[in-house]
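Worksheet for the structure shown next.
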Amino acid sequence: MRPLFQTIKMSSPLLLAREAAWRIRKRLIKRSILAQIEKQTFPVTFRNIPYYKPDTSTFSRTSRELLIDFANQVCEGRFPFLAYGTADLGQRPRWNVDFISGSDWPLIPLENRDYVRLDGSDVKVPFELSRLQFLPILGKAHLLTGEVRYREAAKDLLTHWIQSNPVRMGVNWTIAMEGALRGMSICFLLNLLSPFSREEQQWLATVTQSLVQHLLYIEANIEFSHLSTSNHYLSDIVGLYCLSVFLDGKGMAARRREYRWRIEAEMAKQVYEDGGDYEASTGYQVLVTQLFTTALLLMRSDGSAPASPAFVGRLRMMFRFINTVASRSGELPQVGDCDDGRTELLIDDLRQMIHSPVSERNSLRVPHLLGLGQRVFGEGAGAGDDAAWYGLTDAAAIPNSESQMHPGSAHAIRVLPKSGIGILQNGSAELLFFAIPNGIFGKGSHTHNDKLSFVLRLGGREVICDSGTGCYTRDIAIRNRFRSTTAHNTLLIDGVEQNRIFPGPIGLFALGDEAAVSQIQEGREARGGFLRASHAGYSSLGVLHTRTIRVVDGESAFAIEDQLDGHLVHDFELNLQLAPNLSAEVHAAKDGILCRILGDRQVQLTVDGPPGLQGSVQPSLVSTTYGATVPASKLRFRGRAAVPTRITTLISWTEGAATTIGQNSSARESKIRDAVATGVCQS
């Protein structure tokens with residue numbers, strides 16, 4: 001949560017008045033709902049709708065094996081996680097423990113402010129376990145094999161969770177979002193295990209009562225605000241819609257209508273026209289896309305009126321956003337915060353948890369999520385095993401968005417204007433340029449100081465990458481390190497952050513809103529296309545940073561120009577984060593500083609700027625799954641100059657197998673510089 005004074009400063013008096021009235025009303029509503037929870041029994045039954053419609057004969061052998069391997073581990077008391085590996089927690093886990101640090105939370109009523117303790121613990125660990133997203137996997141394994149042990153393991157674990165976590169007691173009843181995601185997991189399990197025998201009816205009645213408690217608890221603690229809404233509120237209302245769809249009883253039909261309407265309203269509010277989520281994060285793009293997809297599948301299964309065309313069209317754009325930004329293997333760059341959040345675990349997740357070492361996992365490797373979207377909308381023949389659980393088997397080709405391509409150009413330029421992302425294609429290379437507005441119109445908590453940063457892919461693999469997230473509450477220093485300007489591939493001026501990072505616990509989910517970005521300008525020059533944007537994060541220093549990225553026709557090269565306009569003398573620092581397992585060499589050269597990145601195909605950079613420019617290779621860290629980091633290297637260039645000034649970075653690479661660039665590099669770079677200079681004069 002950002003500091004209150006910042007939120008007040010950014011809000012109108014009318015909005016603040018509405019928020020004050022809502023908070024008073026919310027307290028009264030909460031008191032009334034909690035009184036209902038105390039009654040402990042509710043005249044509600046489980047309503048089994050056709051959410052899953054699997055034809056088990058269509059699943060691939062690989063997907064079957066992954067599901068069964070995962071289920072076997074859970075049956076043995078071993079719980080796989082993306083970032084933490086497989087934790088041996090036993091068949092009666094301690095649900096309120098951070099098993100990484102060993103810290104636990106007492107089984108007493110806790111407010112949401114009480115779960116962050118800054119003692120080296122991370123509440124995300126018990127939260128992740130208590131989302132119970134392993135339960136539907138056990139249900140699927142039961143359906144695939146017919147083995148009763150998976151059914152019994154799921155029932156026993158759920159019974160143990162309910163008995164160990166009385167409603168409103170302990171850390172797992174502190175945030176409505178956690179209750180919502182858990183409630184969905186339980187509903188999905190019941191759907192997979194249905195129908196139930198006579199002997200199971202008492203167990204089903206106990207679980208149904210827990211589901212009603214979840215619903216009421218979420219309503220009592222709903223994370224709505226007139227000042228801003230985020231993935232938390234969206235999780236709340238999708239969870240409430242799911243619970244009301246799967247429950248029959250007084251008030252449930254009205255809830256279905258209400259929460260369905262709210263979901264469609266949040267789609268229009270939280271998602272830009274180009275499909276980007278407004279929290280400025282690719283990680284939350286994945287979670288929010290899953291949430292809206294789950295809502296759409298529930299709407300279809302409920303049998304009521306179809307979702308509105310506007311909702312369906314915007315969800316389609318969300319998948320097209322992911323497809324545009326992802327590599328050809330379905331991997332998104334780490335931009336902004338990412339905590340690996342899911343609505344349901346897909347084959348993408350299981351494959352990594354079962355087969356990949358933690359150091360090689362990437363929570364934004366999502367080809368099966370893309371395949372699900374393609375099957376939902378009949379727009380492609382992507383990976384379909386997850387989609388087949390919902391009876392989605394038809395597919396066609398994905399159409400290209402011609403408005404985002406330059407007709408007749410050998411190089412594609414695609415721009416997502418509202419989201420602030422541009423992609424330049426040059427042969428096997430892609431450069432993704434980020435001029436992303438601060439999240440939720442400046443009120444967001446998942447923004448990083450990554451204005452005008454970029455990611456470079458070569459042959460579908462990242463060479464220059466984003467650093468990722470690291471962690472949230474376990475370590476304030478690590479949290480701020482991964483959000484900082486120096487963790488991103490952009491310029492730092494006079495050691496000042498693009499957006500202010502607030503010190504101490506209050507700043508964990510807060511940034512200032514200084515770095516307003518311009519919309520990406522797209523253009524063509526005689527020798528190639530370019531993207532350009534600027535940001536105002538250094539206006540307090542009297543400096544404007546503008547970055548232009550060019551692709552030069554006929555050359556395997558990009559040119560990056562950082563223009564600093566303003567006055568006085570300033571220190572500057574340019575950092576370029578290398579992907580793990582890549583090494584680099586830095587040498588002084590006639591035209592600046594020469595760097596060679598060694599890998600499958602050699603990449604060469606030449607950085608030219610004011611006199612006295614210095615370059616070095618520095619140790620660094622990269623995080624591609626929440627809570628885990630791996631060693632890496634980054635290139636750092638430092639200098640001091642009177643402004644205005646310009647720093648130019650030329651990036652070139654070999655196409656095909658690894659060879660040495662050095663032989664004719666001087667003549668080649670001279671040619672590229674001439675082409676770039678021509679473009680500069682024309683633009």
Side-chain angles (χ1 to χ4, degrees), residues 10 227-235 237-238 262-293 295-296 307-326 332-338 341 364 366 369-370 373 376-377 379 398-405 413-423 432-448 450-455 466 499 511 513 515-522 531 533-535:
M10 299 173 68
L227 305 180
S228 66
T229 55
S230 69
N231 67 89
H232 276 240
Y233 174 62
L234 179 62
S235 298
I237 56 178
V238 173
R262 291 200 197 187
I263 291 167
E264 295 203 2
E266 285 304 302
M267 172 66 88
K269 181 178 181 180
Q270 294 195 28
V271 181
Y272 297 126
E273 293 91 332
D274 58 24
D277 174 57
Y278 79 162
E279 290 198 68
S281 155
T282 50
Y284 284 94
Q285 176 83 23
V286 168
L287 173 62
V288 169
T289 301
Q290 265 201 316
L291 284 165
F292 281 126
T293 303
L296 180 63
S308 71
F311 176 85
V312 174
R314 193 63 62 90
L315 180 56
R316 180 184 285 112
M317 292 306 298
M318 294 193 77
F319 278 105
R320 289 185 179 176
F321 174 100
I322 295 175
N323 189 62
T324 298
V325 175
L332 280 73
Q334 298 275 342
V335 180
D337 276 347
C338 178
L364 298 186
V366 291
L369 175 63
L370 278 168
V376 165
F377 296 110
E379 291 190 336
I398 291 181
N400 288 326
S401 178
E402 296 299 330
S403 63
Q404 295 178 337
M405 307 292 289
I413 300 179
R414 291 159 287 170
V415 176
L416 300 165
K418 289 288 188 180
S419 299
I421 299 177
I423 302 99
L432 290 81
F433 181 39
F434 306 120
I436 301 173
N438 287 339
I440 315 182
F441 310 117
K443 298 177 181 178
S445 57
H446 295 300
T447 298
H448 285 192
D450 54 11
K451 305 305 174 240
L452 312 189
S453 184
F454 69 94
V455 164
D466 187 278
N499 295 294
L511 281 178
D513 190 34
V517 289
S518 68
Q519 190 163 317
I520 294 177
Q521 176 189 355
E522 172 189 356
L531 298 174
S534 60
H535 78 83

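For the numbers below, each heavy atom of this structure counts, side chains included, while hydrogens, waters and symmetry mates do not. One is the number of the first residue; the rest follow in order along the sequence.
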| task | Please report the shortest heavy-atom distance between Ala435 and Ser518, naming the atom on each side. | result | CB-O, 4.1 Å
| Taking it one step at a time, do Leu452 and Phe433 satisfy side chain to side chain contact (heavy atoms under 4.5 Å, CB included)? | CA-CA 7 Å; Leu452 312 189; Phe433 181 39; 4.0 Å; yes
| request: With sequence neighbours left out, write down each residue that passes side chain to side chain contact (heavy atoms under 4.5 Å, CB included) with Gln521, or none if nothing qualifies. | output: Phe530, Arg532
| task | Check whether any side-chain heavy atom of Glu273 lies under 4.5 Å from a side-chain heavy atom of Met317, and answer yes or no. | result | no
| query | At their closest point, which heavy atom of Ser419 faces which heavy atom of Pro437, and how far apart are they? | reply | O-CD, 3.6 Å
| task | Starting at CD of Glu522, measure out to CZ of Arg414 and round the result to the nearest 0.5 Å. | result | 11.0 Å
| said: I want to check something: taking the side chain as every heavy atom from C-beta on, are His446 and Asn231 in contact at a cut-off of under 4.5 Å? | reply: yes
| Do Ile413 and Ile423 pass the side chain to side chain contact (heavy atoms under 4.5 Å, CB included) test, and can you show the C-alpha distance, the side-chain angles, and the key distance before you say yes or no? | CA-CA 6 Å; Ile413 300 179; Ile423 302 99; over 6 Å; no
| query | Does the pair Phe434 and Val335 meet the rule for a side chain to side chain contact (heavy atoms under 4.5 Å, CB included), with working shown? | reply | CA-CA 9 Å; Phe434 306 120; Val335 180; 3.6 Å; yes
| field | Heavy-atom closest contact (Ser235 atom, Leu291 atom, distance) | value | OG-CD1, 3.4 Å
| note | Residues at least two apart in sequence or cross-chain that pass side chain to side chain contact (heavy atoms under 4.5 Å, CB included) with Ala515, listed by chain then number, are Lys451, Gln498, Asn499, His535
| query | When rounded to the nearest 0.5 angstrom, what is the spacing between CD in Glu279 and CD in Gln285? | reply | 10.5 Å
| request: If the plane angle is over 60° it's perpendicular, under 30° parallel, otherwise tilted; pick one for Phe377 and Phe319. | output: perpendicular
| field | Between Ser281 and Asp337, a side-chain donor and acceptor under 3.5 Å | value | no
| task | Check for a donor-acceptor pair, side chain of Asp274 on one end and backbone N or O of Lys418 on the other, with a separation under 3.5 Å. | result | yes
| said: Run the side chain to side chain contact (heavy atoms under 4.5 Å, CB included) test against Ser228 and tell me which residues pass, sequence neighbours left out. | reply: Ile440, Lys443
| request: For the pair Asn438 and Thr447, evaluate side-chain hydrogen bond (donor to acceptor under 3.5 Å, both in side chains) and give the outcome as yes or no after the intermediate values. | output: CA-CA 6 Å; Asn438 287 339; Thr447 298; 4.5 Å; no
| note | Contacts of Arg314 meeting salt bridge (Lys or Arg N to Asp or Glu O under 4.0 Å) (sequence neighbours excluded), chain-then-number -> none
| remark: In this structure, CG of Leu432 is separated from CG of Leu416 (nearest 0.5 Å) by 9.5 Å
| query | Knowing that exactly one of Leu287, Val271, Val238 qualifies, which makes a side-chain contact (heavy atoms from CB on, under 4.5 Å) with Phe292? | reply | Val271
| request: Report the distance from atom CG of Asn323 to atom CE of Met318, rounding to the nearest 0.5 Å. | output: 14.0 Å
| message | Does any part of the side chain of Leu364, heavy atoms only, come nearer than 4.5 Å to the side chain of Cys338, both counted from C-beta? | response | yes
| Gap between atom OG1 of Thr282 and atom CD1 of Ile322 - 0.5 Å precision | 9.5 Å
| task | Quick one: closest heavy-atom pair of Asp450 and Gly336, and the distance? | result | OD2-N, 3.9 Å
| message | Can you list everything that forms a salt bridge (Lys or Arg N to Asp or Glu O under 4.0 Å) with Asp466? Sequence neighbours excluded, please. | response | none
| request: Using a 4.5 Å cut-off on heavy atoms from C-beta on, say whether the side chain of Ser534 contacts that of Val517. | output: no
| request: Among Ile421, Thr289, Asp277, find the one that has a side-chain contact (heavy atoms from CB on, under 4.5 Å) with Phe321. | output: Ile421
| What are the two closest heavy atoms between Asp513 and Gly442, and how far apart are they? | OD1-CA, 3.4 Å
| Sequence-distant partners of Thr229, side chain to side chain contact (heavy atoms under 4.5 Å, CB included), two or more places apart | Phe224, Tyr233, Glu266, Lys269, Gln270, Tyr278
| remark: Gly422 and Ile520 have their tightest heavy-atom pair at N-CD1, 3.5 Å
